[in-house]
Amino acid sequence: MASIACSTQFLLNPSRFSSPVRVSPNLVQLKTRFSVTSRAEFLPVQEYRLSTASFGLSRTSLGLFGGSQLLRRKFSGDFTTKAAADDADGYEIEVSDGLSKPSKSFGEKFPVLVTGFFFFTWYFLNVIFNILNKKVYNYFPYPYFVSVVHLLVGVVYCLFSWAFGLPKRAPIDKEQLALLTPVAFCHALGHVMSNVSFAAVAVSFTHTIKALEPFFSAAASQFVLGHQIPLSLWLSLAPVVFGVSMASLTELSFNWTGFVSAMISNIAFTYRSIYSKKAMTGMDSTNVYAYISIIALLVCIPPALFIEGPQLMQHGFADAIAKVGLQKLLSDLFWIGMFYHLYNQVAANTLERVAPLTHAVGNVLKRVFVIGFSIIVFGNRISTQTGIGTVIAIAGVAIYSLIKANMEEQKRVRVYCPRHFLACQ
């Protein structure tokens, strides 16, 4: 059914103004637009010139407010609005195109700076997490238990956020729980296997192997979901596979536990993406991630107790406390969990602000930052062949990401609303 929209707007002169002007106290030209909108149909505009005296307009009853700039009329014949300017004694009203200008926030004035700050925060938190995480493994090599700590700190953070309504907890039913459980299981498996790899080999090598994730994603899309992957995407993945293979052959910290664990992590995160597309629950991303973290924590606890529990009770905790002390052990475990949760949350907020192309470039640059800083901080020695292979792999990921982002951009259908020229997506 068509909706009827009626709005009364100020016109100070037959021509429109883009700079501040002075409103005459004696005469206000009102333009009443009656429009019947059914998709893009608009009726002609009717204009009326009204005297302020005939309707009892006073300096306190005339004003502009809000985003709609509507002039409300009482049935008594008096137009009343919330006062935003006083005209009769020389007050000025700032008008643009016949309407008052709402003040812009800092983010609206400087969007590039705000987005840049989000990227910087995301990279900073990610680098700090990887460095602290690896340092913990140097004296506490129990990745299953550490993975539980990561998720536990995040879950506690989410529970406190819900308690204060930041954000308000979204209810969940059995159907939504069934949709989120496979996502959470893959998230838990990928997270644990990543930590097993971090504990076994150098951080830079783990991230080099994880550069293969686009290859597994393309394979799953082609052979599991039945999506046709263009030849250009497959060709762009060739240098990724070649570079990772080249780096692995001469990696000084190479061992099969670290390599296989990182590969399993790639597969798990690939299936997490597949199940995530099927688990559109209608919740906001913060609530979805909170529920996934809770379920993933429950999934991670049993293997941690079964695989590492006996060792931890016998000598694991005692050895770590003897090396660094109880206070540092607890502090390190808490902060790596906090940084893990925060960098994931900020990453989601960052990637929601940008286009697919920027998203792709940002992900590649993040991996470069982590690899570079880990080599500097830990002083890892890498061979020339490993360095060249890493560069080739990252370059291949960058090419793949750019091609895929351009393809996604071309698929976006832009529908323009007549008259207002708004892009509807």
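These numbers come from the heavy atoms of this one structure, side chains and all, not from hydrogens, waters or symmetry mates.
No side-chain heavy atom of T121 sits under 4.5 Å from any side-chain heavy atom of L342.
In this pair, F215 and W234 present their aromatic rings perpendicular. The plane angle is above 60°, beyond the 30 to 60° band. Relative ring orientation between W256 and F254 is described as perpendicular, the plane-to-plane angle rising above 60° on a 0-90° scale split at 30° and 60°.
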### Task
Show your working on side chain to side chain contact (heavy atoms under 4.5 Å, CB included) between F119 and K366 and close with a plain yes or no.
CA-CA 9 Å; F119 270 101; K366 180 211 70 173; over 6 Å; no
### Query
Given F339 and H150, is the ring pair (Phe, Tyr, Trp, His ring centres under 6.0 Å) satisfied, shown in steps?
CA-CA 9 Å; F339 279 111; H150 291 165; over 10 Å; no
### Query
Taking it one step at a time, do F373 and V203 satisfy side chain to side chain contact (heavy atoms under 4.5 Å, CB included)?
CA-CA 10 Å; F373 274 97; V203 174; over 6 Å; no
### Task
Begin from the C-alpha positions of Q345 and Y289 and carry the test side chain to side chain contact (heavy atoms under 4.5 Å, CB included) through to its verdict.
CA-CA 8 Å; Q345 183 170 307; Y289 184 69; 5.7 Å; no
### Task
Check the pair Y271 / F216 against side chain to side chain contact (heavy atoms under 4.5 Å, CB included), numbers first and verdict last.
CA-CA 9 Å; Y271 276 91; F216 288 97; over 6 Å; no
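N255 and A200 make their closest contact through ND2-O, 2.9 Å (heavy atoms, listed as atom of the first residue, atom of the second, distance). Heavy-atom minimum distance, L329 versus V324: N-CG2, 4.2 Å. Contact detail for K210 and N266: the closest heavy-atom pair is CA-OD1, 3.4 Å. Closest heavy-atom contact between S261 and V196: OG-CG1, 3.2 Å.
Within the 3.5 Å criterion, the main-chain N or O of Q311 finds no donor-acceptor partner in the side chain of Q314. Checked by atom type and distance alone, the side chain of N126 never pairs as donor or acceptor with a backbone atom of V370 at under 3.5 Å.
In this structure, OG on S161 lies 10.0 Å from CG on N287, to the nearest 0.5 angstrom. Note that the SG atom of C186 and the OH atom of Y275 stand 6.0 Å from one another [nearest 0.5 Å].
No hydrogens or angles considered: a donor-acceptor pair under 3.5 Å links the side chains of N195 and Y137.
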